[in-house]
Amino acid sequence: MTVPPEQSDPRATLRAGLPERYLTPDDIAEMFDVPLETVYQWRRKHTGPPGFRIGKYVRYDPADVRTYVTQRKSADQTTA
């Protein structure tokens, strides 16, 4: 029985699920047109898009940021 190439290499599965590039806090600040310090405050207060650490660096998955924006838009529409 032959295993398909995409299943024989676990790295292929991992690569398929990763974005081309993770976003930096600077990217988030520019995207939302807010000061960089605001992005860091969101992270401390757990109110902004979810980020994660890679060593000493904070990064954001574009899919998580997209989900965060969608949730915020839905929440604002239901309270308005």
Side-chain angles (χ1 to χ4, degrees):
M1 182 169 161
T2 306
V3 177
E6 63 273 357
Q7 289 181 355
S8 64
D9 184 5
R11 292 172 296 182
T13 303
L14 185 60
R15 281 192 299 269
L18 294 176
E20 289 183 26
R21 179 174 90 81
Y22 287 103
L23 302 171
T24 66
D26 289 321
D27 293 330
I28 299 297
E30 184 178 327
M31 185 182 301
F32 292 111
D33 196 24
V34 297
L36 183 59
E37 183 57 34
T38 299
V39 176
Y40 290 125
Q41 286 177 17
W42 287 345
R43 181 150 168 81
R44 280 192 298 273
K45 296 177 182 179
H46 304 283
T47 58
F52 60 95
R53 284 198 170 279
I54 298 293
K56 65 179 182 176
Y57 301 102
V58 176
R59 294 294 181 258
Y60 297 86
D61 187 328
D64 292 342
V65 174
R66 193 172 301 115
T67 300
Y68 170 77
V69 169
T70 302
Q71 289 172 347
R72 292 297 309 153
K73 288 168 65 174
S74 297
D76 284 350
Q77 289 173 354
T78 57
T79 59

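Computed over heavy atoms, backbone and side chain alike; hydrogens, waters and symmetry mates excluded. Just so we're clear, the structure is a prediction, and the values are computed from it rather than from any experiment.
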request  = Please test Arg59 against Thr24 for side-chain contact (heavy atoms from CB on, under 4.5 Å), starting from the C-alpha separation and ending with a verdict.
outcome  = CA-CA 5 Å; Arg59 294 294 181 258; Thr24 66; 3.7 Å; yes
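- Trp42 approaches Pro49 most closely through the heavy-atom pair CE3-CD, 3.9 Å.
- In this structure, Met31 is a member of the same hydrophobic cluster as Val34, with clusters built from ILVMFWY side-chain heavy atoms closer than 4.5 Å.
- Under the 3.5 Å distance criterion, with hydrogens and angles disregarded, no donor-acceptor pair is assigned to the side chains of Asp64 and Thr67.
- Partners of Arg53 according to the side-chain hydrogen bond (donor to acceptor under 3.5 Å, both in side chains) rule, which considers only residues two or more places apart in sequence or in another chain, do not exist here.
- Using modelled atom types, no side-chain atom of Tyr22 and backbone atom of Val58 make a donor-acceptor pair closer than 3.5 Å.
- Atom CD of Gln41 has more than 12 neighbouring heavy atoms from other residues, nucleotides or ligands inside a 6.0 Å radius.
- In this structure, Tyr57 places its OH atom where only 12 or fewer heavy-atom neighbours from other residues, nucleotides or ligands lie under 6.0 Å away.
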task = Please test Leu23 against Arg21 for side-chain contact (heavy atoms from CB on, under 4.5 Å), starting from the C-alpha separation and ending with a verdict.
result = CA-CA 6 Å; Leu23 302 171; Arg21 179 174 90 81; 4.1 Å; yes
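- Here the side chains of Val69 and Phe32 are in contact, with some heavy-atom distance below 4.5 Å.
- For the pair Ile28 and Tyr68, the minimum side-chain heavy-atom distance is 4.5 Å or more.
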